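Just so we're clear, the structure is a prediction, and the values are computed from it rather than from any experiment.
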Amino acid sequence: MNPSIKVFIVDDNEFLIKNLTRLLSEKTNFEIVNTSNNGQDLLNKLEENSNLPDVILMDIDMPIMNGFETTKQVKSKFPEIKILIFSLSDSEAFFQRAIHERANGFISKNEGIQRIIAGIKLVYENEFVDFRSA
């Protein structure tokens, strides 16, 4: 059996977090280690917890600290954690900013659950993911 991929979901939409947690836990070998609704809370939880995630599924547009700034800080403190940006806006500017902040991939929230699962697995396997809507 494959080891489970530890995933941390960061999004300010509680409904989305609950549904993703349910879907990813039921259909995959993912372990949802934690969730958060803003970047500052994510950073606090990472520093308090020894069970670090393999992959963070990170929204961009959040209160307190956005996904770009959060990605920059996570990568400086925990460079081994992979970050998959997860956003409604899949503009080229957002994509380039995600790359600049050292995200490991970018996926549109308009993608289905199978693409989200595939994106997490690919990022975990050290592949760069670009799943923006065409």
Side-chain angles (χ1 to χ4, degrees):
M1 183 174 158
N2 293 335
S4 63
I5 300 171
K6 296 184 287 185
V7 178
F8 195 127
I9 302 171
V10 187
D11 199 295
D12 61 336
N13 183 324
E14 194 63 36
F15 179 77
L16 181 69
I17 287 177
K18 285 181 179 173
N19 281 304
L20 273 175
T21 298
R22 182 181 54 79
L23 289 168
L24 294 177
S25 297
E26 287 174 358
K27 298 185 178 205
T28 65
N29 66 331
F30 298 159
E31 173 192 352
I32 308 304
V33 294
N34 218 327
T35 64
S36 181
N37 61 11
N38 68 72
Q40 186 60 58
D41 186 56
L42 162 70
L43 290 170
N44 294 344
K45 288 177 177 176
L46 290 177
E47 294 191 9
E48 294 166 0
N49 195 334
S50 61
N51 187 21
L52 293 176
D54 298 309
V55 178
I56 296 173
L57 190 60
M58 175 96 65
D59 186 23
I60 294 174
D61 188 19
M62 298 180 291
I64 303 173
M65 184 184 299
N66 71 41
F68 295 130
E69 181 60 30
T70 306
T71 296
K72 181 179 181 178
Q73 291 197 32
V74 169
K75 284 298 192 175
S76 71
K77 295 177 183 177
F78 306 95
E80 69 281 7
I81 297 175
K82 312 273 191 312
I83 298 178
L84 182 57
I85 296 292
F86 186 55
S87 178
L88 276 173
S89 175
D90 56 6
S91 71
E92 185 64 23
F94 274 26
F95 178 73
Q96 292 300 325
R97 175 89 189 267
I99 291 171
H100 177 76
E101 301 302 352
R102 301 187 307 158
N104 302 90
F106 196 105
I107 188 166
S108 171
K109 286 185 177 180
N110 296 318
E111 295 290 346
I113 190 64
Q114 293 307 320
R115 289 277 278 186
I116 296 168
I117 290 168
I120 292 169
K121 287 179 179 176
L122 287 168
V123 165
Y124 175 75
E125 295 167 354
N126 296 314
E127 299 286 333
F128 183 82
V129 171
D130 179 2
F131 287 173
R132 292 178 287 166
S133 297

> Between Thr70 and Met58, what is the shortest heavy-atom contact and its length?
Replying inline: CG2-CE, 3.6 Å
>> Test your reading of the model: is there a side-chain donor-acceptor pair from Asn104 to the backbone of Ile83, 3.5 Å cut-off?
In response: yes
Listed pairs under 3.5 Å, donor-acceptor, residues 14-24 side chains, sequence neighbours left out:
from  : atom 1 : to    : atom 2 : distance (Å)
Asn19 : OD1    : Arg22 : NH2    : 3.3
Asn19 : ND2    : Phe15 : O      : 3.1
Thr21 : OG1    : Ile17 : O      : 2.7

>> Show the nearest heavy-atom pair for residues Phe86 and Lys109, with the distance to one decimal.
In response: O-CE, 3.5 Å
> Can you check whether Val10 reaches Asp59 side chain to side chain, under 4.5 Å on heavy atoms?
Replying inline: no
> Is there a side-chain contact between Phe131 and Leu84 (heavy atoms, below 4.5 Å)?
Replying inline: no
>> Within the supplied structure, the quantity of interest is the number of heavy atoms (other residues, nucleotides, ligands) at a distance under 6.0 Å from Lys72 NZ; does it exceed 12?
In response: no
> So, do Ile120 and Lys82 sit near enough that their side-chain heavy atoms are less than 4.5 Å apart?
Replying inline: no
> Can you tell me how far CG of Leu57 sits from CG of Asp11, rounded to the nearest 0.5 angstrom?
Replying inline: 8.0 Å
> Between atom CD1 of Ile64 and atom CG of Asp41, what is the distance when rounded to the nearest 0.5 Å?
Replying inline: 8.0 Å
>> Tell me if a side-chain donor or acceptor on Lys75 pairs with a main-chain N or O of Ile81 at a distance below 3.5 Å.
In response: yes
> Mind checking what makes ring pair (Phe, Tyr, Trp, His ring centres under 6.0 Å) contact with Phe106, not counting sequence neighbours?
Replying inline: Phe95
> So how far is it from Ile32 CD1 to Phe8 CZ, rounded to the nearest 0.5 Å?
Replying inline: 10.5 Å
>> If I compare all heavy atoms of Val129 with all of Gly119, which pair ends up nearest, and what's the gap?
In response: CG2-O, 3.6 Å
> Which pair of non-hydrogen atoms, one from Ile85 and one from Ala103, has the smallest distance, and what is that distance?
Replying inline: CG1-CB, 3.7 Å
> With sequence neighbours excluded, what pairs up with Phe68 under the ring pair (Phe, Tyr, Trp, His ring centres under 6.0 Å) test?
Replying inline: Phe94
> Can you find a pair of side-chain heavy atoms, one from Lys121 and one from Asn29, that are under 4.5 Å apart?
Replying inline: yes
Name each donor-acceptor pair under 3.5 Å that joins a side chain in residues 46-53 to protein atoms two or more places apart or in another chain, with its distance.
from  : atom 1 : to    : atom 2 : distance (Å)
Glu47 : OE2    : Lys77 : NZ     : 3.1
Asn49 : OD1    : Asn51 : N      : 2.7
Asn51 : OD1    : Lys6  : NZ     : 3.2

>> Can you list everything that forms a side-chain hydrogen bond (donor to acceptor under 3.5 Å, both in side chains) with Asn34? Sequence neighbours excluded, please.
In response: none
>> Asn44: which residues meet the side-chain hydrogen bond (donor to acceptor under 3.5 Å, both in side chains) condition with it, sequence neighbours left out?
In response: Gln40
>> When you compare the side chain of Asn110 with that of Leu88, does any pair of heavy atoms fall below 4.5 Å?
In response: yes
>> Is any side-chain heavy atom of Phe128 closer than 4.5 Å to one of Ile99?
In response: yes
> OG of Ser89 to CD1 of Ile60: how many Å apart, nearest 0.5 Å?
Replying inline: 6.5 Å
> Hey, what do you get for CG (Leu42) to OG (Ser36), rounding to the nearest 0.5 Å?
Replying inline: 5.5 Å
> Of all heavy-atom pairs between Ser4 and Glu31, which one has the smallest distance, and what is that distance?
Replying inline: OG-OE1, 3.7 Å
>> If you count heavy atoms of other groups shown closer than 6.0 angstrom to CG of Asp130, is the number above 12?
In response: yes
> Does some side-chain heavy atom of His100 sit less than 4.5 Å from a side-chain heavy atom of Gln96?
Replying inline: no
